[in-house]
There are 2 protein chains.
Amino acid sequence: MTIHYKEKTFFTGKDLALSVIGGRWKIAIIWCLLQQSPLRLSEIQRKLPEVNQRMLIRQLRELEEDKIITRSVYPVVPPKVEYQLSEIGLLLEPVVTSICDWGDNFAEFLEEDADKIAVN
Amino acid sequence: MTIHYKEKTFFTGKDLALSVIGGRWKIAIIWCLLQQSPLRLSEIQRKLPEVNQRMLIRQLRELEEDKIITRSVYPVVPPKVEYQLSEIGLLLEPVVTSICDWGDNFAEFLEEDADKIAVN
DNA sequence: CAGTATCCCTACTGATACTG
DNA sequence: CAGTATCAGTAGGGATACTG
């Protein structure tokens, strides 16, 4: 496999995937939109308070460019903008799920480790 | 869930997972070690030529600290160091697999897109 | 509400040289 | 072989203030 995208060359699906979803907050954003959709910017901000607004908007723009999410602007006052996952974006569900599952596993693992130390 | 790790607090397994495997080259390293294990540093370098040595070693160190991989040093001349996935590290297989699968899907999606443009 | 604009800083990167 | 050391450049990220 060889694919050219955004002036770069990727030799595996993995590398392509990482270039698209590897951004600092992208998995978190996708996780939000898998749980509930569509979401407005302010709603995503409430769900991800640890992300500052500028970064959130930048990562949303990149996801939109890559067609992972769609952005719908309603010409009303006050402004209303809705974000949701595209078809290809929805297919990221297994990625997000497996990450969540592993994270839970790892959390348990850390607790066991802490127990061992506590026992000693 | 609330877990404290490395002086930070995580409220979801997902956030914990991302803090551990979110590094720039970590998924790539884990992918290597899932394919073949153990691997020596020079072998990983050959498999991931796009990563420079200093970054590779840093990310390996972090993965080792988080107990995702193990590092075995053999006291021989010339030096021999082997890296392999730990038990919890091996459990990342579904994460890596789902990322690879999605990446392949996304590559197809891009090609279809290119076709549409070509047709017009 | 949904964004920009500004400033600053850390992380990553690349090249090259050196060591046990 | 498997690293560490140094320098220097760039991209990504963070805090805060401001606007249609």
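As the structure is a prediction and not an experimental result, all values here were calculated from the model. Letters A, B, ... mirror the listed sequences (proteins, then strands); counts begin at 1. Atom set for the values below is all heavy atoms of this structure, side chains included, hydrogens, waters and symmetry mates excluded.
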Tell me, what's DNA chain D's dot-bracket, Watson-Crick or G-U with both distances under 3.5 Å, | for other-strand, [ ] crossing?
||||||||||||||||||||
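Checked against C:dT4, D:dG3, D:dG14, the side chain of A:Gln53 finds its nearest nucleotide in C:dT4. Picking from D:dA2, D:dG14, C:dT4 the nucleotide with the shortest atom distance to the side chain of B:Val81 gives D:dA2.
When rounded to the nearest whole Å, the span between CG of B:Leu60 and P of D:dT4 equals 11 Å. Atom NZ in A:Lys8 sits about 10 Å away from atom C1' in D:dA11, given to the nearest Å. Rounded to whole angstrom, the span from the CG atom of B:Leu48 across to the C1' atom of C:dC12 amounts to 16 Å. Per the geometry, CD1 belonging to A:Ile69 stands 13 Å off P belonging to C:dA2, to the nearest Å. The CD atom of A:Gln45 sits 14 Å away from the C1' atom of D:dG14 (whole-angstrom rounding). Distance, A:Glu43 CD to C:dC1 C1': 11 Å, rounded to whole Å. Computed from coordinates, the A:Met55 CE to C:dC8 C1' distance equals 15 Å when rounded to whole Å. One atom, CZ of B:Arg46, and another, C1' of D:dC1, lie 11 Å apart when rounded to the nearest Å.
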Can you list the steps and then say if B:Lys26 with B:Glu62 is a side chain to side chain contact (heavy atoms under 4.5 Å, CB included)?
CA-CA 9 Å; B:Lys26 288 182 183 173; B:Glu62 289 185 20; 2.7 Å; yes
Apply side chain to side chain contact (heavy atoms under 4.5 Å, CB included) to the pair A:Leu39 and A:Lys47, showing each step before the final yes or no.
CA-CA 10 Å; A:Leu39 283 175; A:Lys47 282 170 172 281; 4.0 Å; yes
Under the side chain to side chain contact (heavy atoms under 4.5 Å, CB included) criterion, do A:Val96 and A:Ile99 qualify, and how do the steps go?
CA-CA 5 Å; A:Val96 175; A:Ile99 289 174; 5.8 Å; no
Candidate pair B:Leu16 and A:Phe106, rule side chain to side chain contact (heavy atoms under 4.5 Å, CB included), full reasoning:
CA-CA 8 Å; B:Leu16 176 62; A:Phe106 188 66; 3.7 Å; yes
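A salt bridge between B:Lys14 and A:Asp104 is absent, with no side-chain N of the basic residue lying under 4.0 Å from a carboxylate O of the acidic one.
Residue A:Tyr83 places at least one side-chain N or O closer than 4.0 Å to OP1 or OP2 of C:dG3. For B:Asn52, a side-chain nitrogen or oxygen approaches OP1 or OP2 of C:dG14 to under 4.0 Å. Residue A:Trp25 has a polar side-chain atom (N or O) positioned under 4.0 Å from OP1 or OP2 of D:dG14. For C:dT4, the OP1/OP2 oxygens have a side-chain nitrogen or oxygen of A:Arg61 closer than 4.0 Å. The side chain of A:Arg71 contributes an N or O atom lying less than 4.0 Å from OP1 or OP2 of C:dG3. Taking 4.0 angstrom as the limit, A:Arg58 places none of its side-chain polar atoms (N or O) nearer than this to OP1 or OP2 of C:dT4.
Residue-level contact check: B:Tyr74 touches neither bases nor backbone, having no heavy atom under 4.0 Å from any strand. Among the heavy atoms of the strands lying under 4.0 Å from A:Gln59 are primed sugar atoms or P, OP1, OP2 only; no base atom is included. Across all strands shown, B:Leu41 has heavy atoms under 4.0 Å from sugar-phosphate atoms exclusively, and none from any base.
Put simply, the side chain of B:Ser86 gets close to the backbone of B:Lys67: a donor and an acceptor are under 3.5 Å apart. No donor-acceptor pair under 3.5 Å is formed between the side chain of A:Gln59 and the backbone N or O of A:Leu56. Between the side chain of B:Trp102 and the main chain of A:Ile88, a donor-acceptor pair closer than 3.5 Å is present.
The residue among A:Arg54 and A:Glu82 whose nearest nucleotide of DNA chain C lies closer to the 5′ end is A:Glu82.
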